[in-house]
Enquirer: 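The structure is given below, and queries will be raised subsequently.
Naming convention: chains lettered A, B, ... in sequence-line order (proteins, then strands); numbering from 1 in each chain.
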Amino acid sequence: MTLLLLTLLVPLITAAAGAVGGPRQIKEALLISGLVITFALCLATAGAFLAGGPIEQFDAALRVDGLSALMLVLNGFAGLLSGIYGVGYLRRNEAGGRVTPRMRREFHALVPAYLFALLLVCVSNNLGILWIAVELTTLASVFLVAFHNAETSLEAAWKFLMLGSLGLGFALLGTVLLFAAAQGRLGEGMAALNWTSFMAAAPGMHPFTLRLGVVFALIGYGTKAGLAPMHTWKPDAYREAPSSAGALMAVGMLNGAVYCLLRIHLISSAAVGPEFSSGLLLALGLLSVLVAVPFILIQWNLKRLLAYSSIEHVGIMAIGFGIGGEAGTFGALLHMTYHTFAKPIAFFSAGTLAQLHSSSNFETMGAGTIGRAPVSSVLLLLATVIITGSPPFGIFFSEMIILRAGFSSPHVLATAVLLAALVVLFCGFAYQVGRLVLGPPPGDGVKFTPETLDLCLVTAIVAAIIAVTVGFYMPNPLLDLIRAATLVTGGHS
Amino acid sequence: MFNNLLILSAAGMLVTGYLMVGQKALFTAIRLYGAQSWLLGVIAVAIALGDDRPHLFVTATLTVVLKGLLIPWFLMRVVDRIGIRREIEPFLNVPASLLICLGLTVVGYRVSTGFPEGAQGVTHHVIGVGLSMLLIGLFLMVTRKKAVTQILALLTVENAVFLIALGITSGMPLVVELGISFDVLLAVLVLGILVRRIVDRFESMDVSRLSQLKG
């Protein structure tokens, strides 16, 4: 079906168009219209899936099933929001004279290129192409992390690239080992590496080779997802990347990497039963949530705080998938959906606050931001309430579903630890943001630029309205997609 | 005959790994990586001839052109431009490093016995060498300070993965292999650009200086 190809081609063309110079207005219009069309095509592809079942292309090297369709919609949405915010971000920086034409070209080319790679991840059925797509996401995002070219951004970009490439080396080895575990029953040629072929050949796979492959692949893609202990690049990269790119990394990249983990988990479950990879996912997930606890409690930087929150949430998702069953899987996918809608508000408002104060360090920003930048501060508070999982917002419910599934599964102890960690994380995150936003302003005054209602702020407000709406009223097609994804993810087991 | 060539080349790759550990001059380390890639190409040819798998000739050509010539040439240009020729004292001295790598080789060989093909002679060696090189690459990565050496360590890991792939599955489907090779080339280019930017900023490519971000 050509719809799928168009969905991939449009962001690619937008990226190519973004790489050439030109007047600012035309470039901005091109970028935003490209992203809008991409999102519309993602929706159309998902709609075509809902109407007519899985869509395949090129010997099923690209394939849209329930899980892929959900990912397409989520990542397309994240790409659109980040792009619009990014345009506003550049305008703001331009006012400060800190944007060179080179930076503009880089930004306009890399954001759609990144989105293209993220969408390719979501629709790759071929594990080889999946790997290539994940590597492309890394390469597209490195220069977004290094965007400001400061010493700290280069350091963050270097760590990001080295750890990411090493993780991908592991993932490649994992893929090779999985391929070898099938002992030739996958045949040769392109279709041999298809996930669907793996699933068909799974029951007869060589257990030792398969287990080794699964471990390498989970560690490899886990690095990209930012699961502890491979999470160390995340705080640096999120702090240094412009907030729009940060949001795309925290949502799109996270979804994409979790998608890879899931595909590997499913192969492993079909081959040697769910216990093996579930145990690994539970362990990595729990470790991630626990690692986030001390760093959120003692955090000194707003954007790093968001990074640790993202490590926490990817951990919660991994735990949900690890607990498994229909409830655990559904909970984790629901969590991913709500997280996708909520996280951008946090990044956009935090980014605005950081830009107004020329720093994202708590100390430099000074407490009491609500008096200086009321709109962003209120949005940041709202984002905090949503992403820490307070009722009545969506993440509260998805966390409850995962916890309930956990307590009725054999993993009661792990679930109890998760519950305790969630309570501490809630308090820690709320304390940090509350202190920053509502605390007494420092006596000697703070240097800051006043808040203006520009494109960035409007994007953040729109993102907040969408997140709150989806939190209370989930559109039926979206719910259908989550259900379809739950089916793919073996909810019936 | 092909089997002997195969084992000889695999052993040669392991030797280049060890030499890299004991090497401080960056140019020599890059040439060692180039030699390692040529040996990988020879292994692909040997398997192609021995097992009659013509598509491995493409893999071999690709390996030699990209990893044996293009990437070393690019890295040498990077080193030449920035004018830093030697690795400073690594975190661990050379004799100790070599001893550890010996231990890693034993571990690699031990793990390789678990594979179904592991019992048979030739593939056992290839996988054993591959796993050992993987571990040596990781070791290089954590003990070296210069950006270029870290890139070489990463590339060694990548060569090791390809060697294991050759030994265990006689190669991946061609299109995928093309894509992967292209990605690796792109990654090296990006790394090179990043090194240049780091050197411009820090006037050094000592990555142990990249330590401002904590917590």
Enquirer: Give, for atom CG of Leu168(A) and atom CD of Glu158(B), the distance between the pair rounded to the nearest 0.5 Å.
Expert: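 Reported to 0.5 Å precision, the distance equals 11.0 Å.
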Enquirer: May I ask you to test the Val190(B)-Thr138(A) pair for a side-chain heavy-atom distance under 4.5 Å?
Expert: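 In short, these two side chains do not touch, never coming nearer than 4.5 Å.
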Enquirer: Mind running side chain to side chain contact (heavy atoms under 4.5 Å, CB included) on Asp200(B) and Asn149(A) for me, showing each step along the way?
Expert: CA-CA 10 Å; Asp200(B) 284 348; Asn149(A) 219 12; over 6 Å; no
Enquirer: Are more than 12 heavy atoms, taken from residues, nucleotides or ligands other than Phe362(A), located less than 6.0 Å from that residue's CZ atom?
Expert: yes
Enquirer: Check the surroundings of atom OH in Tyr431(A): do more than 12 heavy atoms from other residues, nucleotides or ligands lie under 6.0 Å from it?
Expert: no
Enquirer: Which atoms of Phe162(B) come close to chain A, meaning under 4.5 Å heavy atom to heavy atom: side chain ones, backbone ones, both, or neither?
Expert: side chain
Enquirer: Chain B: which of Ala181(A), Gly169(A), Ala192(A), Ser165(A) shares the most heavy-atom pairs with it under 4.5 Å?
Expert: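 Between Ala181(A), Gly169(A), Ala192(A), Ser165(A), the count favours Ser165(A).
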Enquirer: Say you draw a straight line from CG of Leu131(B) to CG of Leu212(A); how long is it, rounded to the nearest 0.5 Å?
Expert: 7.5 Å
Enquirer: For the pair Met162(A) and Leu191(B), evaluate side chain to side chain contact (heavy atoms under 4.5 Å, CB included) and give the outcome as yes or no after the intermediate values.
Expert: CA-CA 9 Å; Met162(A) 283 322 255; Leu191(B) 280 163; 3.9 Å; yes
Enquirer: Using the side chain to side chain contact (heavy atoms under 4.5 Å, CB included) rule, take Val142(A) and Ile193(B) through it: C-alpha gap first, then chi angles, then the decisive distance, then the call.
Expert: CA-CA 11 Å; Val142(A) 173; Ile193(B) 297 171; over 6 Å; no
Enquirer: Identify the two heavy atoms, one from Ala146(A) and one from Leu194(B), that lie closest to each other, and give their separation to 0.1 Å.
Expert: CB-CD1, 4.3 Å
Enquirer: Output the distance between atom CD1 (Ile127(B)) and atom OG1 (Thr209(A)), rounded to the nearest 0.5 Å.
Expert: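 Between Ile127(B) CD1 and Thr209(A) OG1, I get 8.0 Å after rounding to 0.5 Å.
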Enquirer: Side chain, backbone, both or neither: which part of Ala61(A) has a heavy atom under 4.5 Å from chain B?
Expert: neither
Enquirer: Using 0.5 Å steps for rounding, measure from the CD1 atom of Ile164(B) to the CG atom of Leu173(A).
Expert: 4.5 Å
Enquirer: Taking only residues at least two apart or on different chains, which pairs with a member in residues 128-141 of chain B satisfy salt bridge (charged side-chain N to carboxylate O under 4.0 Å, His left out)?
Expert: none
Enquirer: Which region of Leu161(A), side chain (C-beta onward) or backbone (N, CA, C, O), has a non-hydrogen atom less than 4.5 Å from a non-hydrogen atom of chain B, or is it both or neither?
Expert: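 Only the side chain of Leu161(A) comes within 4.5 Å of chain B.
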Enquirer: Is it the side chain or the backbone of Leu177(A) that comes within 4.5 Å of chain B heavy atoms, both, or neither?
Expert: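 The side chain, not the backbone.
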Enquirer: Where does Leu138(B) contact chain A at under 4.5 Å (heavy atoms): side chain, backbone, both or neither?
Expert: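 Only the side chain of Leu138(B) comes within 4.5 Å of chain A.
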Enquirer: Partners of Phe170(A) by ring-ring contact (aromatic ring centres under 6.0 Å, His included), sequence neighbours excluded?
Expert: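 Checked Phe170(A) against ring-ring contact (aromatic ring centres under 6.0 Å, His included); matches are Phe216(A).
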Enquirer: Non-hydrogen atoms of chain A under 4.5 Å away: do they reach the side chain of Leu134(B), the backbone, both or neither?
Expert: side chain
Enquirer: Working to the nearest 0.5 Å, report the span between CD1 of Ile151(B) and CH2 of Trp158(A).
Expert: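 Taking CD1 in Ile151(B) and CH2 in Trp158(A), the distance rounds to 4.0 Å.
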Enquirer: Tell me, do Phe143(A) and Arg197(B) make a side-chain contact under 4.5 Å, heavy atoms counted?
Expert: yes
Enquirer: Please classify the contact between Leu154(B) and chain A as side chain, backbone, both or neither, with a heavy-atom cut-off of under 4.5 Å.
Expert: side chain
Enquirer: Is there a side-chain contact between Leu186(B) and Leu136(A) in this structure, where contact means two heavy atoms from C-beta onward sitting under 4.5 Å apart?
Expert: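 Touching, per the 4.5 Å side-chain cut-off.
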Enquirer: Quick one: closest heavy-atom pair of Ala165(B) and Val176(A), and the distance?
Expert: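 Closest approach of Ala165(B) to Val176(A): CA-CG1, 3.5 Å.
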